[in-house]
**Student:** 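Attaching a single structure in structure tokens format; questions to follow.
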4 protein chains.
Amino acid sequence: MNDGGKSSGHPSRPKRADARRNEKTLLDAAASVFVESGVDAPVRDIAAKAGVGMGTIYRHFPTRADLIIAVYRHQVEACAEAGPALLESSASPYAALKSWIDLFVDFLVTKHGLAGVLRSDNAGFDALHAYFLDRLVPVCAQLLEAAADAGEIRSDLKAIELMRGVGNLCIGADTDPRYEPRRLVEVLIAGLRRPH
Amino acid sequence: MNDGGKSSGHPSRPKRADARRNEKTLLDAAASVFVESGVDAPVRDIAAKAGVGMGTIYRHFPTRADLIIAVYRHQVEACAEAGPALLESSASPYAALKSWIDLFVDFLVTKHGLAGVLRSDNAGFDALHAYFLDRLVPVCAQLLEAAADAGEIRSDLKAIELMRGVGNLCIGADTDPRYEPRRLVEVLIAGLRRPH
Amino acid sequence: MNDGGKSSGHPSRPKRADARRNEKTLLDAAASVFVESGVDAPVRDIAAKAGVGMGTIYRHFPTRADLIIAVYRHQVEACAEAGPALLESSASPYAALKSWIDLFVDFLVTKHGLAGVLRSDNAGFDALHAYFLDRLVPVCAQLLEAAADAGEIRSDLKAIELMRGVGNLCIGADTDPRYEPRRLVEVLIAGLRRPH
Amino acid sequence: MNDGGKSSGHPSRPKRADARRNEKTLLDAAASVFVESGVDAPVRDIAAKAGVGMGTIYRHFPTRADLIIAVYRHQVEACAEAGPALLESSASPYAALKSWIDLFVDFLVTKHGLAGVLRSDNAGFDALHAYFLDRLVPVCAQLLEAAADAGEIRSDLKAIELMRGVGNLCIGADTDPRYEPRRLVEVLIAGLRRPH
DNA sequence: TATGAATGAGACTTCATTCAT
DNA sequence: CATGAATGAAGTCTCATTCAT
């Protein structure tokens, strides 16, 4: 994981520490600017925020999609890891589901504009979408299945649908302070309960 | 093309006759282009779709907001009028609410991108938003109240919240064929049912 | 270019009274708008000021140059006629020259932007320029010659030069209240006095 | 212009020289195009003349005013510096004044359209106007005062007025070969001579 | 003949992206 | 490798001018 004093001629060389640090800086800057100006923010703004030249952005993330994907990968990872933990520590699978959804909502709402991208169907965003779902849907599915198995909720709604719905409900929450998605998400989750 | 009942033998193009319905044409074209490209679609595209010059757009709708507002006013009117009728013809207030929401969803989903604008808080869109809500929220509120009075649903969710939620759930339904908002809306509406 | 009512085989037909009145209205409106917005003012503005459609402007003055020329012809006529009268009523030819130049300056300064056009070399303005000079230069030349003959001024400056100079000195007087062209014109005229 | 400490090893320095050369090119091109088409010339034309993209214009001069100001600053500087030198090397203050005015006229006439801007009162041009006067008026005032002190000329005309007058007399000299402002300026300066 | 809606060229400005340094 | 200057496509908006009624 380091190149010590080694120099040229290395096949398949791991990234240098400073390069990784640079990439981290870029992602933080991009996330921050996305929050302020949306995912269409000028590259120049992101570069400025990161304190690097625009060329550096392009070096690390050849296309805007790459950058956005990287930003989301970063965020998604943290969320995904929280899923199983909640299932273990909660009173019931349904409670765990609710808690995880809350986490998911917090995540989306806090990260300004993220929900908006989630719905995007722009070419090149498929990769983001795919990864996002690949990583999070299983977690959600696990929670959903556990609750269904416990007889707490209906079992005909797929995890991907639920996540999409929750994601959509979060759209615009950041720009409109009057909009409170949590209440609606609560209603949505309530709608999952097994009908008598 | 047509002479609208007039049997005059004009050999030349009835250009001016078309122009009389130009505004309608413009609205239809704008709605259509909005569906395909969103409300930020180039004015030129809308003009091309309508078969008119760009200047014509600006003549009728000086600002983009004016155009969008006009497009929505057109759509909203039809939807709003359907509300009371449904309440009368349905088996129960809750059924009427469901039907109206279905109508609303159809409306949003069919008119691609409309849901996206509904959430916008851009300057100048306030007028659109205001009108939209002024016209539709009372209708929804009436249905909601009727259902609440009948004891069919909980009464702590405001019409504006519900509409916002339904609107959000419809975002992206047009561009992603895999996404079916109706199921989620159904779950949301189910979540309204009075808890036992 | 413009030969009044003559066209395509018609014998020179005099204009109808109402047509002439209409043209007068147009010229007044154009002059007024030129004062406010300059000679590049939108045709629509002029039409609005005159209370007619834009097409009417174009009917009477096919090109912008035609309109401007007409406006100036109108103004120039009045100024030209004042020349000989002043020569007769003044104490000396030089005094008459000064008075006429004052008149000319008043005319230019009052009619906003007129001086600016006078210097223009745009195609189509040649006709205006030519007429303007044809009508005014002889008047100025008469005054100049009289003063030179009286030994009051040097005789090596042509009328056309002097008028051009005075015209130029008036440029911008309308838009910049701090600029007072009369003092400079006075110095210029003083510079004409026969050197001792 | 070298980078001084060449051995210091600053690798991120060389671009500046190119950019500065570019700016010079831009100013020259703008001045040239202003001469041909006036200060309202399309940015595209200026960019084409300079052989650069339009964006380069905007990078260096965000607004048109900035560009014009820069063009004038460039020209004005050279003229201002010539003032004191002339006062020292001329036979009399009046002679120096005449020479400087000649220089000023040459400057204005050569740089087509410059005189036209001098009279502008458009918003944003205040800065240009202010700088222009700040830099040149004192020079002219110095010459004027010296001549007045020497009893060669009347002392009631301010430098700013004289410059404005000379500037105006130069308007159009470039586009109309028949117009020779120098003769008129000579008359104007002659008009300054102390009357007996 | 008068009207003014429609047209569309043209000017402005912004940024994504490339590439010389 | 990093930088940021340069490019130029794309979008907005304004009017001069035409022409159907």
Side-chain angles (χ1 to χ4, degrees), chain A residues 16 18-19 22 26 40-48 50-60 62-64 67, chain B residues 6 8 10 12-20 22-23 25-26 37 40-48 50-64, chain C residues 16 18-19 22 26 40-48 50-64 67, chain D residues 3 10-23 25-26 40-48 50-60 62-64:
Chain A
R16 277 169 29 189
D18 63 341
N22 212 337
L26 253 33
D40 293 326
V43 174
R44 189 181 304 274
D45 291 357
I46 300 168
V52 303
M54 293 176 304
T56 305
I57 303 276
Y58 281 97
R59 169 172 300 276
H60 287 273
T63 71
R64 175 173 291 270
L67 175 58
Chain B
K6 257 197 135 193
S8 61
H10 273 270
S12 53
R13 306 172 313 188
K15 208 171 174 191
R16 197 52 182 242
D18 288 350
R20 216 182 314 130
N22 228 336
E23 193 158 314
T25 304
L26 250 35
S37 316
D40 292 326
V43 173
R44 194 182 304 276
D45 290 356
I46 300 168
V52 303
M54 288 183 311
T56 304
I57 303 280
Y58 284 100
R59 166 176 292 277
H60 287 274
F61 310 102
T63 72
R64 177 175 292 273
Chain C
R16 275 169 32 188
D18 63 339
N22 212 336
L26 253 35
D40 293 325
V43 175
R44 190 181 304 275
D45 290 357
I46 299 169
V52 304
M54 292 177 303
T56 305
I57 303 277
Y58 281 96
R59 169 172 299 278
H60 287 273
F61 309 101
T63 73
R64 175 173 292 271
L67 175 58
Chain D
D3 47 276
H10 265 275
S12 56
R13 197 56 221 266
K15 196 59 191 277
R16 272 292 177 259
D18 186 65
R20 233 181 305 129
R21 187 164 46 249
N22 216 333
E23 195 163 310
T25 304
L26 252 34
D40 293 325
V43 173
R44 191 182 304 273
D45 290 356
I46 300 168
V52 303
M54 290 181 309
T56 304
I57 304 280
Y58 284 99
R59 166 176 293 276
H60 287 273
T63 70
R64 177 174 292 273

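Residue numbering restarts at 1 for every chain, and letters A, B, ... go by the order of the sequence lines.
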**Student:** What integer distance in Å separates D:Asn22:CG from F:dG4:P?
**Tutor:** 17 Å

**Student:** It should be established whether D:Thr56 places a side-chain nitrogen or oxygen under 4.0 Å from OP1 or OP2 of nucleotide F:dT7.
**Tutor:**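 Indeed, a polar side-chain atom of D:Thr56 lies that close.
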
**Student:** Of B:Gly53 and C:Gly51, whose closest DNA chain E nucleotide lies nearer the 5' terminus?
**Tutor:** C:Gly51

**Student:** Spell out protein contact along nucleotides 10-17 of chain E as letters: B when the base is contacted, S when just the sugar-phosphate is, - when no protein heavy atom is under 4.0 Å; keep the 5' to 3' order.
**Tutor:** BSBBBSSB

**Student:** For B:Glu23 and E:dA6, give me the distance from atom CD to atom P, rounded to whole Å.
**Tutor:** 9 Å

**Student:** Mind checking what makes side-chain contact (heavy atoms from CB on, under 4.5 Å) contact with D:Ala50, not counting sequence neighbours?
**Tutor:** D:Thr25, D:Leu26, D:Ala29, D:Val52

**Student:** Holding to side-chain hydrogen bond (donor to acceptor under 3.5 Å, both in side chains), I want the full list of residues that pass it with C:Thr63, two or more places apart in sequence or in another chain.
**Tutor:**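 C:Thr63: side-chain hydrogen bond (donor to acceptor under 3.5 Å, both in side chains) contacts with C:Asp66.
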
**Student:** Do C:Leu67 and C:Val43 come within less than 4.5 Å of each other through their side chains, counting heavy atoms only?
**Tutor:**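 A side-chain contact under 4.5 Å is absent here.
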
**Student:** Give the rounded distance in Å between these two atoms: CZ of C:Phe61 and P of E:dA2.
**Tutor:** 12 Å

**Student:** Between F:dG8 atom P and D:Ile57 atom CD1, what is the distance in whole Å?
**Tutor:** 13 Å

**Student:** Might you point out which heavy atoms bring A:Arg64 and A:Ala41 nearest each other, and give the distance in Å?
**Tutor:**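 The answer is NH2-O, 2.7 Å.
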
**Student:** Would you work out how much the helix from E:dA2-F:dT21 to E:dT21-F:dA2 bends between its ends, with each end axis defined by five base pairs, to 10 degrees?
**Tutor:** 10°

**Student:** Under 4.0 Å between a side-chain N or O of D:Arg59 and OP1 or OP2 of F:dG4?
**Tutor:** no

**Student:** Rounded to the nearest Å, what distance is computed from the NE2 atom of residue A:His60 to the C1' atom of nucleotide F:dA2?
**Tutor:**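 Atom-to-atom, A:His60 to F:dA2, this comes out as 9 Å.
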
**Student:** Atom CD1 of C:Ile46 to atom P of E:dG4: distance rounded to whole Å?
**Tutor:**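 Distance, rounded to whole Å: 16 Å.
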
**Student:** F:dC15 P sits how many Å from C:Leu67 CG, rounded?
**Tutor:** 17 Å

**Student:** List the residues meeting side-chain contact (heavy atoms from CB on, under 4.5 Å) with B:Arg59, not counting sequence neighbours, and say none if there are none.
**Tutor:** C:Arg44

**Student:** Can you name the residues that form a side-chain contact (heavy atoms from CB on, under 4.5 Å) with C:Asp45, not counting sequence neighbours?
**Tutor:**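 With sequence neighbours excluded, C:Asp45 shows a side-chain contact (heavy atoms from CB on, under 4.5 Å) to C:Val33, C:Pro42, given in chain and number order.
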
**Student:** Atom CZ of C:Phe61 and atom OG1 of C:Thr56: how far apart are they, to the nearest 0.5 Å?
**Tutor:** 11.0 Å

